[in-house]
Engineer: 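Starting off with a structure, shown below.
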Amino acid sequence: MIELKLENQKVNIDAGELVGYTVDGYEYIHQKGSPGWRSSDTEMFPIIGPTADAKFQVQTPRDIAIQDQHGLLREMAYEIVSTTDTEAVLEKKYTAGTRIKNSKFPNKSNKEWLFWTYDFSFKKTFRLTQTGLEVVFTVSGERDMPFMLGYHPAFKLYADSPTVLAGEKEITLKEIMDVGSRALQVPNCSEIMLKDQKELRIRTEGFGNFMLWTEVPNMVCIEPITFYTYAVEQTKLHEGFEYLQNTDREYKVSISAI
C-alpha cells in the first residue's frame, strides 16, 4: 500500500488502484466490498466498451487484435517507478503480440488470451497539490499506434439525492441508473461537479467527454473518456481511435474537494 499525504489530504493506492482519497477525514472514494462495484478505480485501454458482439476482435491498421471489454491494460500489473510523500508514479509496459491472460475466461468470455498489435508504455501518476488530487496518464509507444483511453473512478455517495452538474445540465442519480450498463454519455465536457453531502469537482485535460454509471445508490462512476464507444457497433470501434505521434500523449484528471 502506498500512502500520500499533504496537510489535510490523504491518498491510499493499492497495486496502482486509488482505494482512498480523504480530505479532513471525509472519504470520497467508493470502498471495495461495498455494494455496486468490486473495484474503486481502473483504466480502459487501449479500447473502451464491450467487444463480445464483434467476437472480441478489434481492427487496427496493423492487424486484428483480441480484446475483451475495456481492453487488456487492467489485466497487467503496475510496477512502481518512484514515490515521495505527495507523488507516486507507476507504469505498465507491453510488447506487441504478447498474450495476456483474460481473467474473464471462462465464466464471462470464451477468449482465454488477449493481445494488442503495438508496443506501448502506460504511466499513471498520482500527485497531491494544494488544490487537490491529480491523476495523470502518459501514453507512449510506437508512432501511429491506435488507442482509446478511459479512466473509471468510483465515488462514494452519502446523500439521498445526489446530483451531477455538467455545465448547465443537472443529472440525477436516477437518470444515471436508468441508462443501465451502457453508461450515460456526457459529450464535449471537461468539467463535472458531484453534488453530494459535500461537493467534488472533476476537471480533465485531453479526454473531452465523460460517461456516468452506477446500478446502486451508494456510489457513482464519473468516467473521463476519449470516445463514447456505445454510440457505434462493436465491429466499428476503430472509428474512435486516437493515434500516437512522435511524442508521448498526456491526459490529466484533477479531483478537488469544494
Engineer: Below 4.5 Å, heavy atoms only, C-beta onward: do Phe105 and Lys111 meet side chain to side chain?
Structural biologist: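 They are not in side-chain contact.
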Engineer: Does a salt bridge link Lys198 with Asp24, judged by any charged N lying under 4.0 Å from a carboxylate O?
Structural biologist: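 No, this pair does not count.
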Engineer: Output yes when a side-chain donor or acceptor of Gln67 lies under 3.5 Å from a complementary backbone atom of Phe115, and no otherwise.
Structural biologist: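 A pair under 3.5 Å: yes.
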Engineer: Do Thr163 and Glu170 have side-chain atoms, one donor and one acceptor, less than 3.5 Å apart?
Structural biologist: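 There is such a pair between these side chains.
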Engineer: Decide yes or no for Tyr251 and Leu149: does some side-chain heavy atom of the first lie under 4.5 Å from some side-chain heavy atom of the second?
Structural biologist: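 Touching, per the 4.5 Å side-chain cut-off.
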Engineer: I want to check something: taking the side chain as every heavy atom from C-beta on, are Met193 and Ile258 in contact at a cut-off of under 4.5 Å?
Structural biologist: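 Heavy-atom side-chain distance check passes, below 4.5 Å.
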Engineer: May I ask you to test the Leu244-Tyr118 pair for a side-chain heavy-atom distance under 4.5 Å?
Structural biologist: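 No, too far: nothing below the 4.5 Å cut-off.
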Engineer: Would you name the heavy atoms of Gly36 and Val216 that are closest together and state the gap between them?
Structural biologist: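 Smallest interatomic distance, heavy atoms only, reads CA-CG2, 3.4 Å.
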Engineer: Could you tell me which non-hydrogen atom of Tyr230 sits nearest to which non-hydrogen atom of Pro50, and how far apart they are?
Structural biologist: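 Scanning both residues, the minimum pair turns out to be CE2-CD, 3.3 Å.
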Engineer: With distance as the sole test, does Thr51 use its side chain to make a donor-acceptor pair with the main-chain N or O of Ala54 at under 3.5 Å?
Structural biologist: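 The answer is no, because no donor-acceptor pair under 3.5 Å joins these two groups.
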Engineer: For atom CG of Asp178, is the number of surrounding heavy atoms from other residues, nucleotides or ligands below 6.0 Å larger than 12?
Structural biologist: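 Check passes, neighbour count above 12.
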Engineer: Minimum heavy-atom separation for Glu27 to Tyr158, with atom names?
Structural biologist: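 Shortest heavy-atom contact: O-OH, 2.7 Å.
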Engineer: Would you check if Gln31 and Ile29 make a side-chain contact, meaning some heavy-atom pair closer than 4.5 Å?
Structural biologist: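 Yes, at least one pair of side-chain atoms sits under 4.5 Å.
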Engineer: A side-chain contact here means heavy atoms from C-beta on lying under 4.5 Å apart; do Phe155 and Asp196 qualify?
Structural biologist: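 Of all side-chain heavy-atom pairs linking Asp196 with Phe155, none is under 4.5 Å.
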Engineer: So, the side chain of Thr229 versus the backbone of Ile48: is there a donor-acceptor pair under 3.5 Å, distance only?
Structural biologist: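 Judged by distance alone, yes, a pair lies under 3.5 Å.
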Engineer: At their closest point, which heavy atom of Tyr28 faces which heavy atom of Ala257, and how far apart are they?
Structural biologist: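 Residues Tyr28 and Ala257, closest heavy atoms: OH-CB, 3.4 Å.
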Engineer: Is the shortest side-chain heavy-atom distance between Ser181 and Glu215 below 4.5 Å?
Structural biologist: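 They are in contact (side-chain heavy atoms under 4.5 Å apart), so the answer is yes.
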Engineer: Does a donor on one side chain and an acceptor on the other come within less than 3.5 Å for Thr84 and Glu87?
Structural biologist: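 Glu87 and Thr84 do not have a side-chain donor-acceptor pair below 3.5 Å.
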Engineer: Donor-acceptor pair, distance only, cut-off 3.5 Å: does the side chain of Glu17 make one with the backbone of Ser40?
Structural biologist: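 Yes: the side chain of Glu17 pairs with the backbone of Ser40.
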Engineer: With a 3.5 Å distance limit and no angle check, can you tell me whether Asn218 reaches the backbone of Pro35 through a side-chain donor-acceptor pair?
Structural biologist: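 Such a contact is found between Asn218 side chain and Pro35 backbone.
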Engineer: Under a 3.5 Å distance rule, please check whether Ser140 uses its side chain to pair with a backbone N or O of Asp248 as donor and acceptor.
Structural biologist: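 No, the answer is negative, given that no donor and acceptor are paired below the 3.5 Å cut-off.
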Engineer: Hey, what's the ring geometry for Phe122 with Phe137, parallel, tilted or perpendicular (30° and 60° as the breaks)?
Structural biologist: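 Phe122 vs Phe137 ring planes: tilted.
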Engineer: Which atom pair, heavy atoms only, marks the closest approach of Tyr21 to Gly132?
Structural biologist: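 Where Tyr21 meets Gly132 most closely, the heavy atoms are OH-CA, 3.6 Å.
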Engineer: If you count the non-hydrogen atoms of other residues, nucleotides and ligands that lie under 6.0 Å from CD in Glu233, is the total more than 12?
Structural biologist: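 Not more than 12 within 6.0 Å, no.
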Engineer: Is the count of non-hydrogen atoms from other residues, nucleotides or ligands lying under 6.0 Å from Arg143 atom CZ greater than 12?
Structural biologist: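 Enclosed.
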Engineer: Classify the ring geometry of Trp213 against Trp37: parallel below 30°, tilted from 30° to 60°, perpendicular beyond 60°.
Structural biologist: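 The arrangement is perpendicular - the two ring planes meet at more than 60°.
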Engineer: Can you classify the ring geometry of His152 versus His70 as parallel (below 30°), tilted (30 to 60°) or perpendicular (above 60°)?
Structural biologist: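 Perpendicular: the ring planes of His152 and His70 meet at over 60°.
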Engineer: Taking Arg62 first and then Glu142, would you say they form a salt bridge - that is, a charged N and a carboxylate O separated by under 4.0 Å?
Structural biologist: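 Counted as a salt bridge, because a side-chain N and a carboxylate O are separated by less than 4.0 Å.
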Engineer: Evaluate whether atom NZ of Lys123 has more than 12 neighbouring non-hydrogen atoms of other residues, nucleotides or ligands under 6.0 angstrom away.
Structural biologist: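 It does not: Lys123 NZ has 12 such atoms or fewer within range.
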Engineer: According to the interplanar angle, ranging from 0 to 90°, do the rings of Phe241 and Tyr243 count as parallel (below 30°), tilted (30 to 60°) or perpendicular (above 60°)?
Structural biologist: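 The rings of Phe241 and Tyr243 stand perpendicular, inter-plane angle above 60°.
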Engineer: Do the non-hydrogen side-chain atoms of Ile100 and Tyr94 ever get within less than 4.5 Å of each other?
Structural biologist: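 When only atoms from C-beta onward are counted, Tyr94 and Ile100 do touch, with a gap below 4.5 Å.
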Engineer: When you measure from the side chain of Glu191 to the backbone of Arg201, do you find a donor-acceptor pair of N or O atoms at a distance under 3.5 Å?
Structural biologist: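 No: the side chain of Glu191 does not pair with the backbone of Arg201.
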Engineer: Identify whether the distance between the nearest side-chain nitrogen and carboxylate oxygen of Glu75 and Lys101 falls below 4.0 Å.
Structural biologist: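 Salt bridge between Glu75 and Lys101, a charged N being under 4.0 Å from a carboxylate O: no.
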Engineer: Ignoring hydrogens and geometry, is there a side-chain-to-backbone donor-acceptor pair from Asp119 to Thr95 under 3.5 Å?
Structural biologist: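 It does not hold such a pair.
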Engineer: Of all heavy-atom pairs between Leu72 and Pro46, which one has the smallest distance, and what is that distance?
Structural biologist: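 Smallest heavy-atom distance, with atoms named: N-CD, 4.0 Å.
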Engineer: Counting only heavy atoms not in Lys32, do more than 12 fall under 6.0 Å of its NZ?
Structural biologist: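 Check passes, neighbour count above 12.
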Engineer: Could you verify whether a donor N or O on one side chain and an acceptor N or O on the other, from Glu91 and Ser121, lie under 3.5 Å apart?
Structural biologist: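 On atom types as modelled, these side chains qualify, holding a pair under 3.5 Å.
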Engineer: When clusters are formed by joining ILVMFWY residues with side-chain heavy atoms under 4.5 Å apart, either directly or through shared neighbours, do Val89 and Val11 land in the same one?
Structural biologist: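 No, it is not one cluster - the side chains of Val89 and Val11 are not joined through contacts under 4.5 Å.
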Engineer: Taking the side chain from Gln9 and the backbone from Thr129, do they hold a donor-acceptor pair closer than 3.5 Å?
Structural biologist: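 A pair under 3.5 Å: yes.
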Engineer: Do Lys5 and Glu3 sit within salt-bridge range, that is, some charged N less than 4.0 Å from a carboxylate O?
Structural biologist: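 Salt bridge present between Lys5 and Glu3.
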Engineer: According to a 4.5 Å side-chain heavy-atom criterion applied to Ile, Leu, Val, Met, Phe, Trp and Tyr, with indirect links allowed, do Met219 and Val186 form part of one hydrophobic cluster?
Structural biologist: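 No, no single cluster joins them.
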